[in-house]
Amino acid sequence: MRSAIQQMRLGILGGGQLGKMLLVPAHQWSLSVSVLDPSPDCPAAKMASHFVEGDFDDYRDVLSFGKELDLLTIEIEAVHVEALEDLQSRGVIVRPAPSIIALVQDKYRQRQLLYERGFPVPRFGLLEGHASSLHHLIQRKNLSLPCIAKYPRGGYDGRGVFVLSQPDQIQDLPLLLEEMIDIHMEISVLVGRNASGQISVYDPVEMVFNDDSHMLDYLIAPACISGGLRHELIECATEIAHSIGLEGLMAVEFFVDKRGEIYVNELAPRPHNSGHHTIEGAVCSQFEQHWRMVLDLPPGSTALRSPYVATLNIVGPADFEGTPQYRGWKELLAQPDIHVHIYGKQQSRPNRKMGHITVLGSSRQEVEKKITYIRSQFHIEKAHIK
Ligand code: ADP
């Protein structure tokens, strides 16, 4: 690594909102960061030191982007792993490692590795070859119908996940089948680890999903859980980070069932939307922490700046597709400790992530009340452009 970090040529694959928010602390430290994204209108394009239009899942685009860099990181997992491996063999530092990115691109491989290393996961099995082997697999893996079915590759935000009740629902294979957990709570733990093995962990976050879209609706930190459970979740996330040799930041998503048992659902080795509250709500934001971890700098404090923090996800309304106009956000700015983030996407689409709003408060009730107020004030409408 070049000794002066400001001299390093850094790069991010992906220029969405996570890329944009990664560029904020990068600017603070005067880091030079290039961004690769297929869309010149993407949220991060204007803020990057250098923007390159290209496909992060294309071998040639990733190689030609990365070979000019000293260190490459990601804000999205759907990237071309072989190109990253080749860049690594040419001396480019890739963090998180391509092997970790490959692991999380395949939900079955991810489950299998976590299971083999003794981490708690739902019972699972891979249905491949022929749908007629369903019965046999279910028996062998101690599963039952209905169960949860997932396409191992390419799904996100709940797309590619469904409840399998009847064998005739099966169309494409392979499918990862899992026992259906009786979920009491979905929790995310953000953990960072640098190349020196130093760890930083944020307090577990409670994620509340929208019943229709299955997307994250809002989150509250700290989660309403016992001290024992909090410790168990933090320890598990930390052990996973060490076990896979993480260099960077990672969200570990957990299920907690009605009996209080924990299960690892999935890993996201990058900043995550369950960590947006850390921008105003924690001493060191997840975005600054990601840079600290990939650059092998000391971990920043993960302490919350207020007893409770909540973040509401703002998604495109169901009833239109087109240029967005934001209504009611000026009223929100008049309130103390409400922080509006608008990602700057040119087009709104149903359920597209368009922004988020973070609130701080001294009690859980207070932040929940503020979230309700924001819902009543803030709207996205279709802009009428003359
Ligand atoms: P994605 O990667 O698309 O977000 P997930 O694997 O996280 O998909 O699943 C999406 C949602 O489906 C989860 O947040 C959870 O609510 C539900 N889910 C997934 N797996 C299970 C399971 N084994 N048991 C019960 N619910 C599940």
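Counting convention: from 1, in listed order, for ligands and their atoms alike.
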How about His356 and Tyr218: are their ring centres within less than 6.0 Å of each other?
no

Got the closest protein heavy atom to [atom], with its distance?
atom: atom 27 (C) of ligand 1; result: Phe255 CZ, 3.7 Å
atom: atom 24 (N) of ligand 1; result: Ile181 N, 2.9 Å
atom: atom 2 (O) of ligand 1; result: Glu266 OE2, 2.7 Å
atom: atom 3 (O) of ligand 1; result: Gly158 N, 2.6 Å
atom: atom 12 (O) of ligand 1; result: Val161 CG1, 4.0 Å

Are any of the heavy atoms in Glu186 under 4.0 Å away from ligand 1?
yes

Answer with yes or no whether Lys107 contacts ligand 1, where contact means a heavy atom under 4.0 Å from a ligand atom.
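True for this residue.
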
Go through ligand 1 atom by atom and flag the ones less than 4.0 Å from a non-hydrogen atom of Glu179.
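Those of ligand 1 that fall under 4.0 Å from Glu179 are 22 (C), 23 (N), 24 (N).
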
Heavy-atom contacts with Asn265 under 4.0 Å: which atoms of ligand 1 show up? List them by number with element.
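This gives 5 (P), 6 (O), 7 (O) as the contact atoms.
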
Tell me the nearest of Gln110, Glu178, Lys150 to atom 19 (C) of ligand 1, using heavy-atom distances.
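Answer by nearest heavy atom: Lys150.
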
Mutual orientation of the aromatic rings belonging to Tyr59 and His80 [parallel < 30°, tilted 30-60°, perpendicular > 60°]:
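Answer is perpendicular, since the angle exceeds 60°.
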
Do you see a donor-acceptor pair shorter than 3.5 Å between the side chains of His341 and Gln17?
no

So, Thr278 versus Ser285: side-chain donor-acceptor pair below 3.5 Å or not?
no

Does the protein put any heavy atom within less than 4.0 Å of atom 21 (C) of ligand 1?
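Within 4.0 Å: yes, protein heavy atom nearby.
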
Partners meeting side chain to side chain contact (heavy atoms under 4.5 Å, CB included) with Asn273 (sequence neighbours left out)
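Per chain and number, Asn273 pairs via side chain to side chain contact (heavy atoms under 4.5 Å, CB included) with Leu216, His276, Asn313, Lys353.
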
Can a salt bridge be assigned to the pair Glu77 and Arg270 using a cut-off of 4.0 Å between side-chain N and carboxylate O?
yes

Which residue pairs pass the salt bridge (charged side-chain N to carboxylate O under 4.0 Å, His left out) test with at least one member in residues 202-226, sequence neighbours excluded?
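Output for this query lists Asp203-Arg230, Glu206-Arg364, Asp217-Arg375.
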
State whether the shortest distance between N or O atoms of Ile183 and N or O atoms of ligand 1 falls below 3.5 angstrom.
no

First locate atom CD1 of Ile244, then atom CZ of Arg117, and finally report the distance between them rounded to the nearest 0.5 Å.
8.0 Å

